[in-house]
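Have a look at the structure below, then the notes.
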Protein chains: 4
Amino acid sequence: MLNRVILIGRLTKDPEMRYTPAGVAVTQFTLAVDRPFTSGGQNEREADFIPIVTWRQLAETCANYLRKGRLTAVEGRIQVRNYENNEGKRVYVTEIIADNVRFLESGNRENGPRDEGAASYGSGNGNYGGGNSQGGTSGGNPQGGGRSGGTPRNNNSRDPFSDDGRPIDISEDDLPF
Amino acid sequence: MLNRVILIGRLTKDPEMRYTPAGVAVTQFTLAVDRPFTSGGQNEREADFIPIVTWRQLAETCANYLRKGRLTAVEGRIQVRNYENNEGKRVYVTEIIADNVRFLESGNRENGPRDEGAASYGSGNGNYGGGNSQGGTSGGNPQGGGRSGGTPRNNNSRDPFSDDGRPIDISEDDLPF
Amino acid sequence: MLNRVILIGRLTKDPEMRYTPAGVAVTQFTLAVDRPFTSGGQNEREADFIPIVTWRQLAETCANYLRKGRLTAVEGRIQVRNYENNEGKRVYVTEIIADNVRFLESGNRENGPRDEGAASYGSGNGNYGGGNSQGGTSGGNPQGGGRSGGTPRNNNSRDPFSDDGRPIDISEDDLPF
Amino acid sequence: MLNRVILIGRLTKDPEMRYTPAGVAVTQFTLAVDRPFTSGGQNEREADFIPIVTWRQLAETCANYLRKGRLTAVEGRIQVRNYENNEGKRVYVTEIIADNVRFLESGNRENGPRDEGAASYGSGNGNYGGGNSQGGTSGGNPQGGGRSGGTPRNNNSRDPFSDDGRPIDISEDDLPF
DNA sequence: TTTT
DNA sequence: TTTT
């Protein structure tokens, strides 16, 4: 009846966008979210790697502006889907269907090693450094993604989801909205 | 860096409690959370079944007061653990480590299969229908679970996690706090 | 950049609905949310009373199905508005603009003191006891509110917001969507 | 019964720390949180200014590492307190009692007014840009705040809450834990 | 001014 | 299979 998730973490890789047969954009990426504690051991596992899925306009904005390593906030809901694998066994996949993604780092670092981040309130330069994007039922117009300082990447030349070994079975039926 | 989940749904079964070798109580249950939309088809899949894990005092309170079908709110964080299965393949398991569970239905059902719901305000019995329990770093004293109108069940006679086919590999190392 | 609130509590009174001059429905109510601790004293203040505002279709569903005392989940964002009072002083008002409201108690108690709550998964009666309603950019079609077991109240005979002493200054400009 | 808030925004000023008579540290600051839409008008009000309160160790970490303009994530609960003002009128104050604060920008700004943002990964300085701090019932040991690249400020020479016109009436009784 |  |  209520299903809400909010995460802040970093992309483990560049996002991957593809289109469903029906032409709907879908982008996936994984967020590394540091745990709030240091596990018993030492250099034990100390982050959770959480798969994120975005659809439509939000998918395109994410594909254009997010990159590996970027600090990112994600709001959405948990979805558990399942499919039969090649051995006839049912596999369960848990993902966050995001309806709101905030880019917490601008990412224009073409000419220098230091990331500039988002501009301060009250600074004189009028540059809103942190872009953002929201999706959902509206699922149509971009909202602020374009305000990001980053340079959009042309995805046309990429083969999204060119087989990476993982089964890909997202279809229009999975449409969350 | 931030990882917060809030769910409201119903238990698919009675919760299962066991103790780690170190004597720490751990309780698992699954929450069926209705999706906010009706998927393309008709009577298609319209709920997510989300595994919840609770530890220590909260585990005991959940085992004592939660039952199949009860409407329940869960607050916690997403955790992704993995293990090697018998075929040497890495399996990823996503669970919610709960630190706050709210019993939204009291569960005193004197005479029948129908759950009577929470909060009998206006009824004459002065019973505060909604119990609750909170865990976390404090992980020690019960907080309000005892206010529930439900009757605690003696778990001693149960064989917690008596093999249901799923691999059980929670250990003290998984301790989230 | 991100503003999310989730509350579970009980209505302190019946909700109040009115229409803006532009004909947009707006409903207000207050949620009493018990605090997770007992304050130093004894029978000291132990709940927060949090004002909720809903708009459009969600406003109408809330006005029709929510009642004083009902256990309710609210999802939304914090909004701080301000106005000049009659003494020329600026007054700040903090409210939750809800975009998702879940009715955790059905509320049909016409013929008996016991509240029946929401039906269980797996029960045979096909009655989904807990209604719900979601708003937002969609802001159009009712979503499940009608599934509630409660009987809608005819609001026509009420004078919504008939001056209760509180300044009423919500206008179309406050429209959150 | 459940009361959870998550915000991402920027500090409108440097945080202000003081101690209660009982010697408990309390820090306040205001977060400017951009609204997800542009209000009817044009350059109309488009942010909410939300007061945050932190206690104990978290208060000290916030006072040491947060500064005006910094992008910050806050997790906590809404609290509504009230007091009688000098005209004998009851005034209601809504604040977020934070139990988790994440510093999304490091704040080492060697040479100038521009904040340089977080997480200089890729830069040569090995600095983990995002500090964080968590409070709550544990309320004792610092958790990671020290990983921030910022330089702690000595607060001793400041007169915390030197009258800024706002009534100050936080007392030990308000202790949320 | 508050709910159970 | 992972980020900083």
Side-chain angles (χ1 to χ4, degrees), chain A residues 7-16 28-35 45-52 66-72 104-105 115 164-166, chain B residues 1 80 82 89-92 102-106 117-123 125-132 144 147-149, chain C residues 7-16 28-35 45-52 66-72 104-105 115 164-166, chain D residues 1 80 82 89-92 102-106 117-123 125-132 144 147-149:
Chain A
L7 303 171
I8 299 179
R10 294 181 185 280
L11 291 238
T12 61
K13 298 193 204 173
D14 285 0
E16 308 218 20
Q28 295 186 311
F29 55 91
T30 296
L31 223 52
V33 181
D34 288 341
R35 295 192 178 164
R45 119 185 95 86
E46 44 180 7
D48 290 289
F49 298 93
I50 302 175
I52 314 291
L66 284 179
R67 287 297 169 276
K68 174 177 176 174
R70 294 284 167 77
L71 191 66
T72 304
L104 303 176
E105 291 174 346
D115 190 354
D164 58 352
R166 273 200 298 160
Chain B
M1 291 186 72
V80 184
N82 64 82
K89 230 173 69 178
R90 193 137 296 270
V91 179
Y92 292 84
R102 301 287 159 169
F103 310 152
L104 303 176
E105 292 175 346
S106 71
S120 315
Y121 48 84
S123 87
N125 68 4
N127 166 36
Y128 185 98
N132 71 82
R147 292 147 85 202
S148 165
Chain C
L7 303 171
I8 299 179
R10 293 181 185 280
L11 291 239
T12 61
K13 298 192 204 174
D14 285 0
E16 307 218 19
Q28 297 186 311
F29 55 90
T30 295
L31 223 52
V33 181
D34 288 342
R35 296 193 176 161
R45 117 185 97 87
E46 45 180 6
D48 290 288
F49 298 95
I50 302 174
I52 313 292
L66 284 179
R67 285 297 168 278
K68 174 177 176 174
R70 292 285 166 74
L71 191 66
T72 304
L104 303 176
E105 291 175 347
D115 190 355
D164 58 353
R166 274 201 295 160
Chain D
M1 291 186 73
V80 183
N82 64 80
K89 232 172 72 179
R90 193 136 297 271
V91 179
Y92 292 84
R102 301 287 158 170
F103 309 152
L104 302 177
E105 292 175 345
S106 70
S120 317
Y121 47 85
S123 87
N125 67 5
N127 165 36
Y128 183 97
N132 71 81
R147 292 148 85 201
S148 167

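Basis for what follows: all heavy atoms, side chains included, without hydrogens, waters or symmetry-related copies. Lettering follows sequence order; numbering is per chain, from 1. Every value quoted in this text rests on a predicted model; they were computed, and no experiment measured them.
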Starting from [atom2] on [N], measure out to [atom1] on [X] and report it in whole angstrom.
{"X": "A:Asp14", "N": "F:dT3", "atom1": "CG", "atom2": "C1'", "value": "12 Å"}
{"X": "C:Leu71", "N": "E:dT4", "atom1": "CG", "atom2": "P", "value": "11 Å"}
{"X": "C:Asp48", "N": "E:dT4", "atom1": "CG", "atom2": "P", "value": "17 Å"}
{"X": "C:Leu31", "N": "E:dT3", "atom1": "CG", "atom2": "P", "value": "13 Å"}
{"X": "D:Arg102", "N": "F:dT3", "atom1": "CZ", "atom2": "P", "value": "20 Å"}
{"X": "C:Phe49", "N": "E:dT4", "atom1": "CZ", "atom2": "P", "value": "10 Å"}
{"X": "C:Leu104", "N": "E:dT3", "atom1": "CG", "atom2": "P", "value": "19 Å"}

Residue [X], side-chain atoms from C-beta onward, closest of [options]:
{"X": "A:Lys68", "options": "E:dT1, E:dT2, F:dT3", "result": "F:dT3"}
{"X": "A:Arg10", "options": "F:dT3, E:dT3, F:dT1", "result": "F:dT3"}
{"X": "B:Tyr92", "options": "F:dT1, E:dT3, E:dT1", "result": "F:dT1"}
{"X": "A:Ala32", "options": "E:dT3, F:dT1, F:dT3", "result": "F:dT3"}
{"X": "C:Thr12", "options": "E:dT2, E:dT1, F:dT3", "result": "E:dT2"}
{"X": "C:Asp34", "options": "F:dT3, F:dT1, E:dT3", "result": "E:dT3"}

| Exercise: identify the closest heavy-atom pair between C:Pro15 and C:Leu66 |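 For C:Pro15 versus C:Leu66, the nearest heavy atoms are CD-O, 3.3 Å.
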| query | Do C:Arg10 and C:Glu105 sit within salt-bridge range, that is, some charged N less than 4.0 Å from a carboxylate O? | reply |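 Here C:Arg10 pairs with C:Glu105 in a salt bridge, since their nearest N and O are under 4.0 Å apart.
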| Has C:Arg70 got a side-chain N or O lying under 4.0 Å from the OP1 or OP2 atom of E:dT3? |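 It does not, given that no N or O in the side chain of C:Arg70 lies less than 4.0 Å from OP1 or OP2 of E:dT3.
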| Hey, is the main chain of D:Met1 close enough, under 3.5 Å, to the side chain of C:Asp34 for a donor-acceptor pair? |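 Side chain of C:Asp34 to backbone of D:Met1: no pair is present.
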